[in-house]
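Report on one structure; see the data block that follows.
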Amino acid sequence: MSSFEALAGDLRAALGESDLVTEPEELAYYGQDRCRGGWPVAPSAIAFPRDIGQVQALVRACAHHGVAIVPSGGRTGLAGAATATRGELVVSFDRFNRRCEVEAPAKLVHCDPGVTIARVHEAAAACGLRYPVDWAASGTAQVGGSIATNAGGIRVLRYGSTRAWVRDLELVLADGRHLRLAGNVLKDNTGYDLRQLFIASEGTLGLIVGASLGLVSPPADRLVVAGGVGGMPQMLALFERLRAGLSTLSAFECFDGGCVEHVVAHRGQGAQRPMAEDHAQYVVLEVEIERAGEGAKEAMTDQLMELLADAQEAGELDDAVLAASDQQARALWAWREDISESLHPHTPHKADVCVPVHRIAVFEAAWRDALASQLEGIEARCFGHVGDGNLHLNLLRPAAMSLEDFLARCHAFDDTLYRLVCAHEGSVSAEHGVGLLKRRALEIQREGGQLDAMRAIKAALDPGGLFNPGKIFT
């Protein structure tokens with residue numbers, strides 16, 4: 001009997017027959033995230049635990065039989081961190097999703113790892129509260145995966161990323177122990193904050209099996225504006241003006257004119273554009289109104305419109321549309337949120353990077369210059385979160401180019417890109433993590449001493465290399 005056959009028997013005993021899947025189509029579906037890096041997708045099976053006890057049992061069984069584990073959430077990641085390439089057992093948390101309970105007085109929501117972020121939003125809203133971390137894939141992305149990758153999204157400018165909102169964290173370690181890391185008090189100086197160690201660890205140190213997330217009181221209202229600008233320098237000047245003049249600016253997103261063309265094509269015949277004329281760059285911004293009452297909204301509207309008028313006079317803004325209703329606000333936001341889906345048919349090679357906000361325009365220009373000299377004929381599209389310096393750089397595969405040739409050319413360009421990021425004092429991964437995709441890039445950004453310390457932590461917590469092997473480190 002092979003080690004996997006023996007393991008399968010133990011897993012079926014722990015989980016039940018229906019919660020261990022080996023059909024080829026299921027292996028292909030659950031065996032990878034949205035990153036298409038050219039790696040083999042080769043899990044041995046997919047396990048669907050439903051509670052902590054089952055996770056502990058499968059971890060102990062895998063350790064005993066020498067079969068590694070790849071944790072899997074909503075699989076919306078773009079770095080290959082949830083891809084099984086060497087016969088690993090994929091542990092999907094899709095069915096571990098019963099608990100999503102709001103504790104309103106404490107402003108907390110207690111969640112199982114497989115609960116989607118959209119469900120967290122709905123549960124919080126039903127209690128008059130809000131989970132302030134949000135992004136386009138919230139309907140699919142799960143709590144456990146969002147913590148494992150420290151997901152950011154569109155409101156990091158005001159609220160920070162997932163890391164800022166994790167209070168309690170529950171994990172299963174490589175020896176099967178259940179660990180609860182509490183963080184509900186405001187002051188706790190009792191040694192290392194282990195929660196922060198596991199956040200953004202991409203499932204390489206332990207499996208997240210529960211979390212308590214902080215909530216806030218929602219704003220009384222919001223103002224949403226879409227604007228057209230002449231280029232990145234003008235857009236950055238507009239952002240600096242609004243950030244200085246508005247204390248409740250919660251989001252400032254950008255996308256180039258080519259992104260709009262792809263969204264229009266994706267929506268099909270009759271799709272309208274965000275504004276009457278085309279622009280080189282577009283922004284969508286949101287301002288929160290903290291006080292209730294028509295007077296507060298009118299005052300904030302007047303303040304915002306005055307700032308926009310000053311920006312237009314200064315040449316920073318060409319045109320703008322202020323949403324007149326919640327429906328129109330959602331429609332303006334959809335131009336930003338629909339970009340990823342509209343680019344997906346073109347098999348994009350994505351880079352998710354961050355540079356200091358004041359360097360965005362200079363970096364973007366240098367990136368396009370490098371593309372022109374090294375990747376002629378490949379379309380490049382840029383969108384992202386100006387408020388925190390996070391840009392999503394997309395290279396689109398020409399219809400006549402094979403995927404193999406396209407990926408080879410893009411991967412050859414990656415070293416140029418990541419050295420350019422580091423030259424601008426940035427990060428090679430702003431969201432999604434390192435995974436399989438950015439292991440070489442991590443070595444460009446992190447000096448040897450830092451990598452040695454990270455490897456030592458991995459070895460201490462997972463000495464057998466059970467969790468997500470091959471991710472982060474080469």
Side-chain angles (χ1 to χ4, degrees), residues 1-34 39-77 80-101 110-116 119 139-145 147-148 170-179 202-204 206-211 462 464-471:
M1 182 183 294
S2 71
S3 61
F4 179 73
E5 289 173 335
L7 171 63
D10 289 348
L11 292 177
R12 288 191 175 97
L15 303 176
E17 192 73 29
S18 64
D19 287 334
L20 184 69
V21 174
T22 58
E23 286 78 11
E25 62 272 17
E26 296 296 306
L27 297 181
Y29 180 71
Y30 284 98
Q32 61 185 322
D33 57 23
R34 293 196 73 173
W39 309 288
V41 178
S44 293
I46 317 298
F48 295 91
R50 297 172 184 265
D51 57 41
I52 293 173
Q54 289 185 343
V55 174
Q56 290 178 285
L58 71 83
V59 166
R60 290 182 176 125
C62 285
H64 176 72
H65 293 286
V67 175
I69 290 170
V70 172
S72 175
R75 302 182 312 287
T76 60
T83 299
T85 63
R86 303 182 229 171
E88 303 97 332
L89 175 73
V90 171
V91 177
S92 170
F93 291 93
D94 277 7
R95 300 174 191 175
F96 191 171
N97 62 3
R98 290 190 300 272
R99 184 179 59 152
C100 184
E101 302 168 353
H110 309 290
C111 303
D112 283 340
V115 170
T116 65
R119 187 173 160 199
T140 304
Q142 297 175 4
V143 167
I147 295 171
E170 293 186 78
L171 303 121
V172 170
L173 302 181
D175 60 5
R177 280 183 297 171
H178 174 216
L179 184 66
E202 301 181 42
T204 61
L207 301 184
I208 295 169
V209 292
D462 184 19
L466 182 68
F467 293 135
N468 225 2
K471 310 310 191 313

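Numbering of residues begins at 1 and proceeds along the displayed sequence.
With sequence neighbours excluded, the residues forming a ring pair (Phe, Tyr, Trp, His ring centres under 6.0 Å) with Tyr30 are Phe48, listed by chain and number. Take Asp33 and apply the salt bridge (Lys or Arg N to Asp or Glu O under 4.0 Å) test, not counting sequence neighbours, and it matches no residue. With sequence neighbours left out, Asp112 forms a side chain to side chain donor-acceptor pair (under 3.5 Å) with no residue at all. A search for side-chain contact (heavy atoms from CB on, under 4.5 Å) contacts involving Ala8 returns Phe4, Arg12, Leu20, not counting sequence neighbours. Partners of His178 under the side-chain contact (heavy atoms from CB on, under 4.5 Å) rule, at least two apart in sequence or in another chain, are Ile52, Gln56, Glu170, Val209. With sequence neighbours excluded, the residues forming a side-chain contact (heavy atoms from CB on, under 4.5 Å) with Pro113 are Phe93, Phe96, listed by chain and number. When the side-chain contact (heavy atoms from CB on, under 4.5 Å) test is applied to Asp10, the partners found at least two apart in sequence or on another chain are Ala61, His65. Not counting sequence neighbours, the partners of Arg177 by the salt bridge (Lys or Arg N to Asp or Glu O under 4.0 Å) test are Asp175.
Contact record, Val67 with Gly87: CG1-O, 4.1 Å, taken as the closest heavy-atom pair. The two residues Gly144 and Ile208 come nearest to each other via the heavy atoms O-CD1, 3.6 Å. What you find for Pro49 and Ser92 is that their closest heavy atoms are CD-O, 3.4 Å. Residues Ala63 and Ala174 come closest through the heavy atom pair CB-O, 4.3 Å. Contact detail for Gly139 and Thr116: the closest heavy-atom pair is O-CG2, 3.7 Å. The nearest pair of heavy atoms linking Ser18 to Val21 is O-CG2, 4.1 Å.
Among pairs with a residue in residues 40-51, those fulfilling salt bridge (Lys or Arg N to Asp or Glu O under 4.0 Å) read Asp19-Arg50, at least two apart in sequence or across chains.
Exactly one residue among Thr85, Val90, Val91 makes a side-chain contact (heavy atoms from CB on, under 4.5 Å) with Glu88. That residue is Thr85.
Under a 3.5 Å cut-off, the side chain of Arg119 and the backbone N or O of Asn97 do form a donor-acceptor pair.
In this structure, Ile46 CD1 and Leu89 CG are separated by 7.5 Å, a value rounded to the nearest 0.5 Å. The distance from the CD1 atom of Ile147 to the CG atom of Leu171 is 9.0 Å, given to the nearest 0.5 Å. Here NZ of Lys471 is found 6.5 Å from OG1 of Thr83. Values are rounded to the nearest 0.5 Å. To the nearest 0.5 Å, the span separating OG1 on Thr204 from CZ on Phe467 amounts to 9.5 Å. Interatomic distance, CG of Leu58 versus CG of Leu11, reported as 6.0 Å (0.5 Å rounding). Once rounded to the nearest 0.5 Å, the distance linking OG of Ser72 with CG of Leu207 reads 11.5 Å.
Side chains of Asp94 and Gln142: a donor on one and an acceptor on the other come within 3.5 Å.
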Item to check | Verdict with supporting geometry, Trp39 and Gln32, side-chain contact (heavy atoms from CB on, under 4.5 Å) | outcome: CA-CA 10 Å; Trp39 309 288; Gln32 61 185 322; over 6 Å; no

